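Everything below concerns the one structure shown next.
On a predicted model such as this, the values are computed, not experimentally measured, just so you know. The chains referred to below are lettered A, B, ... by the order of the sequence lines, with proteins before strands, and numbering in each begins at 1.
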Amino acid sequence: MIPVQLRPDQILAELSEFQTKLGHGIQNLMAAGEIPTGVTPKEAIYQEDKLTLYRFQPSTKKVQNPVPVLIVYALVNRPYMTDLQENRSTVRGLLEAGLDVYLIDWGYPDRADRFLGLDDYINGYIDRCVDVIRKRHKVDAINILGICQGGTFSLCYSALHPEKVKNLITMVTPVDFHTPDNMLSRWVRHVDVDLLVDTLGNIPGELLNATFLMLKPYRLIGQKYLDMVDLLDDSSQVNNFLRMEKWIFDSPDQAGEAYRQFIKDFYQQNKLVNGGVQIGDAVAKLANVTMPVLNIFAEQDHLVPPAASKALEGKVGTKDYTELSFPGGHIGIYVSGKAQKQVPPAIGAWLDERTK
Amino acid sequence: MTDSNPFSSEDWLKAQRKYWDAWFDMSRRAMEAGAPADNPWTGALERWWQGVSPAVAPDAREFYDRMVEMGRSYFSMAEEFMRKSGGSEVPLDAFKTWMDQLSEALRNPATRADAAPGMKDFMAFWQLPMDTWQRFASSVMPVPGDLMKAFQPEGAASFSEGMREHLDRFLSMPGLGYSRESQAQVQDFGRRLLDYQRAYQAYEAALSKVALDSVDRFRARLEEASHREQPISSLRELFNEWVDVCEEVYGDYAISEEHARHYGDLVNALMAVKQEGSRLVDEALETMNMPTRREVSTLQQRLQETRREMRRLRSQMETLLEARAEAPPPAQPARPKAAPKAKASRAKSAKSAKSDTQRT
């Protein structure tokens with residue numbers, strides 16, 4: 001027997017309630033106005049092409065940890081996810097943990113940036129930002145926190161310039177791109193990336209958006225909006241939702257050559273694990289990552305499955321390797337209430353043990 | 001009392017409730033007479049949104065569009081059950097019939113066109129992945145984005161292989177004479193469009209199969225859950241269960257090798273169309289003595305190489321300058337030791353004598 005008991009009056013009440021919420025909620029939506037993101041005060045200390053290096057204003061009077069941290073975010077989506085709103089900010093948590101925090105904002109590449117390759121990003125932009133910070137703080141090496149694709153870049157950078165990295169933290173970072181549960185990796189396996197880049201030049205943000213949405217289409221394009229109707233009468237919930245929407249669809253185009261190399265070398269050929277990632281004149285080998293490493297992954301991550309991150313263990317050249325497992329998803333690790341309490345303090349404590 | 005919110009006046013809601021009650025009464029009588037009922041709730045939602053949307057800011061409108069779109073699927077599910085309830089609890093057979101109809105419509109595209117409007121609205125739910133793809137494809141296609149839909153009118157069977165072969169042969173006819181080359185280019189473009197159409201249809205067919213599997217798994221899931229103490233007693237609960245099943249079946253398929261191949265074919269075929277289209281545009285630009293995309297790309301590439309080279313040289317120069325600054329100061333050439341006074345005096349006399357000699 002099918003375990004469903006629906007009464008017409010109840011169905012009617014549900015639909016009526018839905019319609020009422022939709023009608024009332026539109027006022028909240030129209031009152032929302034511009035949604036601010038990136039809330040912690042910061043100053044631009046270095047600029048080059050589309051890139052800006054920011055330093056966040058410390059929240060405590062004195063920065064307790066003498067070694068600054070540089071956040072290297074992914075090229076995909078915008079880095080304000082780490083500082084989305086006052087009560088959902090990884091950056092704020094890191095500042096409160098006594099760290100001096102810098103962040104690379106890659107900006108929005110346009111067609112003039114189409115020939116930027118991974119060498120330009122890793123040995124160029126990241127290296128120059130690291131040098132600027134080293135010089136400002138008069139230190140030989142700094143701490144790096146790489147997030148998602150930025151974590152993969154940070155691993156390559158640390159392998160190529162180990163003398164400039166004191167400690168490395170990777171967060172939801174893909175390392176082994178061929179784990180069986182990696183849907184994105186499967187999808188690009190038969191895509192002719194040369195044809196794609198030669199044809200489009202830069203890869204439009206719309207393509208990335210469409211790809212991410214199609215990973216879970218019924219939930220992300222469908223059910224999510226139906227659930228939202230229930231929250232429409234709460235203006236703060238509406239603002240939170242809109243803020244997240246803004247971030248999800250705020251997808252910069254990807255510089256063509258960097259995209260080509262990233263997809264071919266990492267997603268298709270899994271070279272970070274198999275060896276042979278050529279960045280400029282040198283090969284980035286994980287064995288050369290000799291500084292302490294903290295690897296943080298999310299247990300319910302559908303974009304970077306935990307196994308893809310955990311593969312780092314045993315492949316880096318350091319003996320000081322620590323893993324931190326977070327019970328949440330790829331986005332929740334920055335913005336959930338639980339993440340605010342767990343992740344930044346853990347990073348602060350781990351760094352304190354190694355740098356004070 | 002009237003509400004200050006023009007989008008949800010209580011009067012309007014009351015009127016709508018009355019309208020629904022009247023419809024409900026009418027549909028019960030229609031059921032008794034065996035006549036099919038209309039889908040008034042989805043229609044009411046639609047009309048409400050048409051009325052208020054012009055007053056909504058464009059950003060919020062897009063967001064609301066999505067909610068209304070989802071509401072349409074949700075409402076149409078309700079309508080299907082209400083239609084079968086006849087005023088009392090929805091009979092269990094109604095769920096079975098509903099799923100049978102869904103299966104039939106998915107299995108046989110010809111019946112899809114004749115499906116009740118509510119059923120069509122509900123089936124739009126499965127179009128979400130294709131719609132998402134279509135939005136992207138439209139943004140890069142050199143031809144109208146819905147061209148592929150025009151190849152396959154609603155309810156029609158897939159663009160037949162025979163027809164495609166015929167077109168393919170037509171597009172492979174050798175060109176003749178002075179315009180032979182440009183004819184070949186246009187034919188190439190046409191062939192690539194056909195390839196894309198084939199890949200699009202294959203992907204769509206695969207997703208239809210996923211939708212069909214979702215109905216089967218949903219049926220099985222409900223039967224498995226027949227022992228549960230608390231039956232599903234709200235429409236929303238049923239809808240959420242439905243979404244979970246669809247996502248589960250889609251997830252199983254999306255990680256398969258078959259999907260990876262279909263997806264790869266779809267992307268590659270679209271890019272081939274775009275590439276050929278760009279080539280045609282470049283040809284046209286060249287004839288007008290305008291810069292082409294190809295030329296601009298070459299310039300961009302050379303510029304980037306020059307920038308890299310310049311960076312490398314600057315870095316080497318800085319290293320050299322730093323090394324020079326850090327190096328100990330070079331040893332000064334040894335100065336001749338000061339001569340003892342007597343010797344200096346003798347030398348001075350000699351120099352003076354020499355100078356005198358030269359003067360003479």
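If you tally non-hydrogen atom pairs under 4.5 Å between each of A:Glu206, A:Gln223, A:Arg189 and chain B, the highest count goes to A:Gln223. Comparing A:Leu213, A:Ile221, A:Leu207 by heavy-atom pairs within less than 4.5 Å of chain B, the highest count is held by A:Leu207. For chain B, the option among A:Gly256, A:Ser185, A:Pro217, A:Pro180 with the highest count of heavy-atom pairs below 4.5 Å is A:Pro217. Your options are B:Leu303, B:Val267, B:Ile255, and the one with the most heavy-atom pairs under 4.5 Å with chain A is B:Ile255. Of the listed residues (A:Leu196, A:Leu220, A:Leu116, A:Asp120), the greatest number of heavy-atom pairs within a distance under 4.5 Å of chain B belongs to A:Asp120. The candidate with the highest count of non-hydrogen atom pairs below 4.5 Å against chain A, out of B:His262, B:Glu247, B:Arg311, B:Gln304, is B:Glu247. Chosen from A:Met228, A:Met214, A:Arg186, the residue pairing most often with chain B at heavy-atom distances under 4.5 Å is A:Met214.
Only the side chain of A:Glu245 comes within contact range of chain B, with at least one heavy atom under 4.5 Å from a heavy atom of that chain. For chain A, no part of B:Arg279 is nearby; none of its heavy atoms comes within less than 4.5 Å. In this structure, the portion of A:Leu242 lying under 4.5 Å from any heavy atom of chain B is its side chain and not its backbone. For chain B, the nearby part of A:Pro204 is the side chain; its heavy atoms alone come within less than 4.5 Å. Heavy-atom distances place both the backbone and the side chain of B:Arg261 under 4.5 Å from chain A. For B:Ser315, no part lies near chain A; criterion is any non-hydrogen pair under 4.5 Å. Both the backbone and the side chain of A:Leu226 come within contact range of chain B, judged by heavy atoms closer than 4.5 Å. Only the side chain of A:Arg128 has a heavy atom closer than 4.5 Å to any heavy atom of chain B. Of the two parts of A:Arg219, the backbone and the side chain both hold a non-hydrogen atom closer than 4.5 Å to a non-hydrogen atom of chain B. Using a 4.5 Å cut-off between heavy atoms, A:Asn182 touches chain B through its backbone atoms (N, CA, C, O) alone. Contacts of B:Leu128 with chain A are made by both backbone and side-chain atoms, with heavy-atom separations under 4.5 Å.
Between the side chain of A:Asp198 and the backbone N or O of B:Gln275 there is no donor-acceptor pair closer than 3.5 Å. Between the side chain of A:Trp187 and the main chain of B:His259, no donor-acceptor pair closer than 3.5 Å is present.
At a threshold of 4.5 Å between non-hydrogen side-chain atoms, the residues A:Asp230 and B:Arg236 count as touching.
A salt bridge is defined here as a Lys NZ or Arg NE, NH1 or NH2 lying under 4.0 Å from an Asp or Glu carboxylate O, and B:Arg307 with A:Asp49 meets this definition.
With rounding to the nearest 0.5 angstrom, the OG1 atom of A:Thr199 is 8.5 Å from the NZ atom of B:Lys274. Here the CG-CG distance, from B:Asn240 to A:Asp227, works out to 6.0 Å after rounding to the nearest 0.5 Å. Taking CD of A:Glu14 as the start and OG of B:Ser234 as the end, the distance is 4.5 Å to the nearest 0.5 Å.
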> Taking it one step at a time, do A:Arg111 and B:Arg293 satisfy side chain to side chain contact (heavy atoms under 4.5 Å, CB included)?
Replying inline: CA-CA 11 Å; A:Arg111 296 183 81 148; B:Arg293 181 71 245 161; 3.0 Å; yes
>> Quick one, A:Phe115 with B:Arg302, criterion side chain to side chain contact (heavy atoms under 4.5 Å, CB included). Give me CA distance, side-chain angles, the key distance, then yes/no.
In response: CA-CA 9 Å; A:Phe115 286 96; B:Arg302 287 180 188 162; over 6 Å; no
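Considering every non-hydrogen atom in both B:Phe136 and A:Ala210, the closest pair reads CB-CB, 4.2 Å. The nearest pair of heavy atoms linking B:Arg308 to A:Gly117 is NH2-N, 3.9 Å. Heavy-atom minimum distance, B:Tyr250 versus A:Tyr218: CB-CE1, 3.7 Å. When every heavy atom of B:Asn268 is checked against every heavy atom of A:His190, the shortest pair comes out as ND2-O, 3.0 Å.
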